[in-house]
Undergrad: 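Got a structure for you, written out below as structure tokens; questions coming shortly.
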Amino acid sequence: MLPEKKLELRKLAYKIRIGITEEIKARGFGHIGGSLSIADVLAVLYGDVMRCDPKKPGMPERDKLVCSKGHAGPAVYAALALKGYFSYDELKTLNQPGTNLPSHCDRRKTPGIDMTTGSLGQGTSLAVGMALGDKIKGRDCRTFLIVGDGEINEGQAWEAAMFTAAKKVNNLVWLIDNNKKQLDGYTKDILDTFNLEDKFRAFGFEAFTIDGNDLEQISTALSKKAGDKPIAIVLDTVKGKGIKEVEETAANHSMTPKPEDCDRWLEQLHKELSALA
Amino acid sequence: MNIVYNGEMDTRLFKNVLGQTISELLSEDENVVYLDADLMGCIGTAKLPKETNRAINCGIAEANMVGIACGMSAVGFKPIVHTFGPFASRRCYDQVFLSGGYAGNSITVIGTDPGVTATFNGGTHMPFEDVALYRALPGATIVDITDVPMLVDFLRQAKDLPGVKYIRVGRKASAQVYEEGSHFELGKGNVLREGRDAAVIACGIMVHEAMKAAQILSQDGIEAAVIDIFTIKPLDEALVKAYARKTGAIVTAENHNKIGGLYSAVKDVLDGEAKTGYVAVEDKFGEVGPQDYLQERFGLTAEHIVNTVKETLKRAGK
């Protein structure tokens, strides 16, 4: 990755984290931990990899994103606003009455949201269908599926994984956000997923693990072209990544921070962003 | 629309008509995609031309199948999915509800072997509650198929209709009611027989029973209208109310639990215009057996309709 590109993506990742924090500050609560953990992969996707145009959100040949862990909507909304799909100010309407930015992603409300998600597991099959449909139509595009490590407790995710590999849906990229936590605690304590890379390999994927908060590693992984086997990338991430206090909060799936907490976090993020320049 | 009902069973089986029609739709419309959950062999679609990549066997994974179908809808396809009724309703209900209806995707779901038509697969495969589930899905369309002309016509309509469409249909033969090539207007019931004393509102396999019942009642001097209300949702409210006012005695007949199905739907729209009775499955699970045994066992016969009409008339003071 060129140094200029890397700097641009680092800045974008900071801006996404700032956007997430502003959304949650405005509403007073929200799914902050799992939003922050995917800020880096979203920065690489929307800042570099995905071919999509805010002026043509319905273009059939666009690359598509399905954030199956739909509660990370605040992260996707920040990325979409920064990309120009809608006004940045709209981020402050998160979960307000009549908003276009509900807690969980909704393709009927939010420009740029490619699929409605939120009932965990369901986005996996939807993403398979979108990618398979594009493949049958001969469209040269990819679908990126972000799925949570807690989410894959759902059996539907494994039905979808089996189908992806068996039917060679290799224009679909699985991105597993392995942030090690779910609502009630650590995944290893709730329902241990064991080695995710092994699991996806056993299902017939070309599977590998990277530091999911490292922009360069994400970029390299996403530039990999799939052969017959579809690609599954296990993103080794930190829930709450980028805001120390959130990272260190045990129950950080959904938080109710005070405005002064958010202000402190925003000040720090802005400071670090400025230092990059 | 011409009624050709003569009480005889059609020589064609629904399952063969399903296979043939799906095959034709795949050939005629490049946006049609057909997905099945390892039951292609049950409706004759396993013999589809090998060259099509739009007939997809998803394996025994109905929730995944529905999700994939909804994803394909989002990128421009018109998906038709098939499995047995319980798996087309209970097993994948959340996926049809959210990935389909809520997410704004369009999907046609065919649930074969509704109610007692599941016969020798028994209680595990016998949905008496599928209509109740789909009725609770906002905006869904529910059709209980009466005969072959209706199946062919509605399959052709359904692929192009927006939203969730649920088709419940057996795999065996039915009595033919409508002329070949008939066109059916969704949400509009068909009056198959006029009558001033009572109206039997039926759907699916119970239309045939209702016609038999009306003949028996006529011999007893009771003239019962028979309405085929094949679209359970949206219900033809105007027709139901009109016959309630006209006869003062409404009896519904359905191959479904009395809770949440046609009887519930009809009761929902009436406001004291008529006394009502029902021929439906009491709040029971299914069981194994031949269809005639099961229809008797669960009270889904012409004789039960006759008795219910007479009892309802008595309550109506007629």
Side-chain angles (χ1 to χ4, degrees), chain A residues 57-66 68 70 102 104-110 113-139 141-143 145 147 154-169 171-172, chain B residues 26 29-38 51-81 83 87 90-109 137-139 162-164:
Chain A
M59 184 175 64
E61 295 79 15
R62 73 194 186 280
D63 287 334
K64 300 164 189 78
L65 177 83
V66 176
S68 191
H104 300 84
C105 299
D106 191 330
R107 67 188 283 260
R108 296 211 280 184
K109 291 190 183 298
T110 318
I113 289 291
D114 292 316
M115 188 44 74
T116 300
T117 54
S119 180
L120 293 176
Q122 292 203 25
T124 59
S125 306
L126 286 161
V128 174
M130 293 165 78
L132 181 61
D134 282 337
K135 199 171 176 181
I136 291 172
K137 288 281 186 192
R139 295 172 186 146
C141 57
R142 289 194 285 177
T143 295
L145 164 65
V147 58
E154 293 281 0
Q156 187 178 349
W158 298 104
E159 291 182 6
M162 198 178 335
F163 187 102
T164 304
K167 306 288 185 183
K168 299 184 172 59
V169 189
N171 56 337
L172 173 65
Chain B
L26 283 166
D29 188 339
E30 64 178 15
N31 288 324
V32 167
V33 60
Y34 155 64
L35 302 96
D36 208 307
D38 197 34
E51 60 268 24
T52 183
N53 57 358
R54 288 178 287 114
I56 302 162
N57 200 329
C58 297
I60 311 161
E62 295 79 8
N64 186 48
M65 171 174 73
V66 166
I68 289 172
C70 293
M72 296 187 88
S73 162
V75 296
F77 285 92
K78 302 170 185 175
I80 299 171
V81 307
T83 181
F87 318 128
R90 295 196 308 267
R91 178 60 71 97
C92 59
Y93 186 64
D94 195 28
Q95 286 71 25
V96 175
F97 194 99
L98 287 176
S99 295
Y102 181 79
N105 291 313
S106 295
I107 177 173
T108 302
V109 182
L137 199 164
V164 171

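Lettering follows sequence order; numbering is per chain, from 1. What's counted below: heavy atoms across the whole structure, side chains too, no hydrogens, waters or symmetry copies.
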Undergrad: To the nearest 0.5 Å, what is the distance between CZ on Phe77(B) and CG on Asp134(A)?
TA: 8.0 Å

Undergrad: I'd like to know if the side chain of Arg54(B) reaches the main chain of Ile136(A), judged simply by a donor and an acceptor atom lying under 3.5 Å from each other, with no hydrogens or angles considered.
TA: no

Undergrad: In this structure, are over 12 heavy atoms from other groups packed under 6.0 Å from Glu30(B) atom CD?
TA: no

Undergrad: Mind ranking Met115(A), Met162(A), Lys137(A), Lys64(A) by heavy-atom pairs under 4.5 Å with chain B and telling me who comes out on top?
TA: Lys137(A)

Undergrad: Answer whether the closest heavy-atom distance between the side chains of Asn64(B) and Trp158(A) falls below 4.5 Å.
TA: no

Undergrad: If you count heavy atoms of other groups shown closer than 6.0 angstrom to CZ of Arg107(A), is the number above 12?
TA: yes

Undergrad: Given heavy-atom pairs under 4.5 angstrom as the criterion, report whether the side chain, backbone, both or neither of Asp106(A) touches chain B.
TA: side chain

Undergrad: Tell me, out of Val33(B), Asp94(B), Val66(B), Asn31(B), who's got the most heavy-atom pairs with chain A below 4.5 Å.
TA: Asp94(B)

Undergrad: Hey, does Met72(B) have a side-chain heavy atom less than 4.5 Å from the side chain of Met130(A)?
TA: no

Undergrad: Atom CD in Gln122(A), atom OH in Tyr102(B): separation rounded to 0.5 Å?
TA: 11.5 Å

Undergrad: Grab the two heavy atoms, one from Ala103(B) and one from Thr116(A), that are nearest each other, plus how far apart they are.
TA: CB-CB, 3.6 Å

Undergrad: Counting only heavy atoms closer than 4.5 Å, note whether Lys109(A) contacts chain B via side chain, backbone, both or neither.
TA: neither

Undergrad: As an exercise, state the distance from CD of Gln95(B) to CD of Gln156(A), rounded to the nearest 0.5 Å.
TA: 4.5 Å

Undergrad: Less than 4.5 Å apart, side chain to side chain, heavy atoms only: is that true for Ile56(B) and Phe163(A)?
TA: yes

Undergrad: Counting heavy-atom pairs under 4.5 Å with chain A, which one of Ala61(B), Gly67(B), Pro79(B) comes out on top?
TA: Gly67(B)

Undergrad: So which part of Ala74(B) gets closer than 4.5 Å to some heavy atom of chain A, the side chain, the backbone, both or neither?
TA: both

Undergrad: Hey, which of Asn105(B), Leu98(B), Ile68(B) is the one that makes side-chain contact (heavy atoms from CB on, under 4.5 Å) with Leu126(A)?
TA: Asn105(B)

Undergrad: Sort out for me which of Cys70(B), Ser99(B), Gly76(B) touches chain A most, counting heavy-atom pairs under 4.5 Å.
TA: Ser99(B)

Undergrad: With a 4.5 Å cut-off on heavy-atom pairs, point out which of Ser73(B), Cys58(B), Gly104(B) contacts chain A the most.
TA: Gly104(B)

